[in-house]
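These notes are about the structure you will find just below.
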Amino acid sequence: MIEQDTIRLLRECDAGIKMGVTSIDDVLSYVSNDNLRQDLIRCKNSHIILEEEIQCLLAKYHDYGKEPDLMAKGMSWLKTNVKLVLNESDHTIASLMTDGCNMGIKSLHQYLNEYQAADETSKDIAKRLIHLEESLVKDVQEYL
């Protein structure tokens, strides 16, 4: 049970990171404020470092991770592009990032509750990912 929950939690973190990195990539070309751009790039780089750690752990279990749900990914892309076409601003980007981070935080807490038998290392990764998401929400607040 511990191994199954560990793998499942790591896979959900993996999918969430991939979704977050893609979302940041989707908006970076629209950002006008250099500080906001740096906040987003810093967050993206932190996600990538955590992703590498997850991939190493998953490899020990002979697992390759998980791609984000295609429907969720498509809806996110559509929402991002429609909102940015209607209002290409740092405010819109901050709002999109806040919404995405809040959904990620909620999901990660649900997965921590669902996969309680996961090992402490994978739980720590999920908590660090939650912290990254919370930090980005805080960083972008001034652009809302």
Side-chain angles (χ1 to χ4, degrees), residues 3-115 118-144:
E3 185 174 312
Q4 282 183 333
D5 276 11
T6 298
I7 293 168
R8 288 178 180 145
L9 181 57
L10 289 171
R11 292 179 101 231
E12 294 302 342
C13 289
D14 183 46
I17 287 174
K18 289 174 182 171
M19 186 78 162
V21 168
T22 298
S23 296
I24 291 171
D25 283 340
D26 287 346
V27 301
L28 270 177
S29 63
Y30 296 96
V31 176
S32 60
N33 183 287
D34 286 334
N35 290 331
L36 176 58
R37 181 182 324 287
Q38 290 308 311
D39 288 341
L40 292 171
I41 291 170
R42 186 173 33 259
C43 184
K44 176 184 170 184
N45 290 339
S46 296
H47 276 67
I48 290 169
I49 290 167
L50 201 52
E51 167 74 6
E52 291 169 359
E53 188 176 340
I54 290 169
Q55 287 301 316
C56 288
L57 290 169
L58 285 170
K60 291 180 183 178
Y61 294 106
H62 307 289
D63 196 284
Y64 300 102
K66 179 180 175 184
E67 291 298 318
D69 179 74
L70 285 176
M71 182 64 98
K73 196 172 179 179
M75 292 302 290
S76 174
W77 181 87
L78 184 64
K79 179 181 177 181
T80 297
N81 285 287
V82 167
K83 284 196 170 205
L84 287 173
V85 164
L86 295 174
N87 184 10
E88 186 177 317
S89 70
D90 290 341
H91 168 81
T92 301
I93 292 165
S95 178
L96 288 166
M97 290 293 104
T98 299
D99 290 348
C101 287
N102 286 335
M103 288 191 315
I105 292 165
K106 178 182 173 187
S107 295
L108 287 165
H109 280 292
Q110 288 173 336
Y111 295 131
L112 279 169
N113 290 333
E114 184 175 349
Y115 303 125
D119 70 10
E120 291 305 314
T121 302
S122 61
K123 288 179 184 179
D124 179 63
I125 287 173
K127 290 172 186 174
R128 286 190 282 152
L129 184 52
I130 288 168
H131 178 71
L132 283 175
E133 300 293 312
E134 289 171 340
S135 292
L136 184 58
V137 168
K138 188 175 182 179
D139 289 343
V140 302
Q141 283 177 350
E142 68 182 275
Y143 305 99
L144 292 174

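Side chains are part of it too, since the values below use all heavy atoms of this structure and drop only hydrogens, waters and symmetry mates.
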- Message: Could you measure the distance from the CG atom of L9 to the CD atom of E114? Nearest 0.5 Å is fine.
- Response: 9.5 Å
- Listed partners of T92 passing side chain to side chain contact (heavy atoms under 4.5 Å, CB included), at least two apart: K83, L84, N87, S89, L96
- Item | Nearest-0.5 Å distance that lies between atom CZ in R8 and atom CD in E3 | 11.0 Å
- Just jot down the salt bridge (charged side-chain N to carboxylate O under 4.0 Å, His left out) partners of R37, sequence neighbours excluded, or say none. none
- Query: So, H47 versus E133: side-chain donor-acceptor pair below 3.5 Å or not?
  - Reply: yes
- Task: Quick one: list whatever passes salt bridge (charged side-chain N to carboxylate O under 4.0 Å, His left out) with E51, sequence neighbours left out.
- Result: none
- What is the distance from atom CG of D119 to atom OG1 of T6, rounded to the nearest 0.5 Å? 3.5 Å
For a quick test of your reading: what N or O donor-acceptor pairs under 3.5 Å do the side chains of residues 137-144 make, sequence neighbours left out?
{"unit_1": "Y143", "atom_1": "OH", "unit_2": "N33", "atom_2": "OD1", "d": "3.4"}
{"unit_1": "Y143", "atom_1": "OH", "unit_2": "L36", "atom_2": "N", "d": "3.4"}

- Write out all pairs satisfying side-chain hydrogen bond (donor to acceptor under 3.5 Å, both in side chains) with one or both partners inside residues 95-104, taking only residues at least two apart or from two chains. K79-D99
- Query: Between atom CG of L57 and atom CD1 of I125, what is the distance when rounded to the nearest 0.5 Å?
  - Reply: 4.5 Å
- Nearest heavy-atom approach of D5 to A118 is CB-N, 3.4 Å
- Query: Got a sec, which residues hit side chain to side chain contact (heavy atoms under 4.5 Å, CB included) with L108, two or more places apart in sequence or on another chain?
  - Reply: C13, L129, I130
- Side chain R11, main chain K66, donor-acceptor under 3.5 Å: no
- Residues passing the side chain to side chain contact (heavy atoms under 4.5 Å, CB included) test with I48, sequence neighbours excluded, are V21, K44, N45, E52
- Query: Is the number of heavy atoms from other residues, nucleotides or ligands under 6.0 Å of Y64 OH greater than 12?
  - Reply: no
- Could you tell me whether the side chain of Q4 reaches within less than 4.5 Å of the side chain of Y115, counting heavy atoms only? no
- Message: Let's go through K127 and D124 carefully: what are the C-alpha distance in whole Å and the side-chain angles of both, what is the deciding distance for salt bridge (Lys or Arg N to Asp or Glu O under 4.0 Å) to 0.1 Å, and is it a yes or a no?
- Response: CA-CA 5 Å; K127 290 172 186 174; D124 179 63; over 6 Å; no
- Message: Just to verify, what does K18 make a salt bridge (charged side-chain N to carboxylate O under 4.0 Å, His left out) with, not counting sequence neighbours?
- Response: D14, E67
- Message: Run the salt bridge (charged side-chain N to carboxylate O under 4.0 Å, His left out) test against E53 and tell me which residues pass, sequence neighbours left out.
- Response: R128
- Query: Taking only residues two or more places apart in sequence, or in another chain, which ones meet S23 in a side chain to side chain donor-acceptor pair (under 3.5 Å)?
  - Reply: none
- Item | All side chain to side chain contact (heavy atoms under 4.5 Å, CB included) counterparts of T22, not counting sequence neighbours | D26, K73
- Item | Partners meeting side chain to side chain donor-acceptor pair (under 3.5 Å) with S32 (sequence neighbours left out) | D90
- Item | Side-chain (S135) to main-chain (H131) donor-acceptor, under 3.5 angstrom | yes
- Will you find, in the side chains of E12 and Y111, an N or O donor that is under 3.5 Å from an N or O acceptor? yes
- Supply the atom-to-atom distance C43 SG to I24 CD1, rounded to the nearest 0.5 angstrom. 4.0 Å
- Interatomic distance, CG@L10 vs SG@C56, rounded to 0.5 Å, equals 11.5 Å
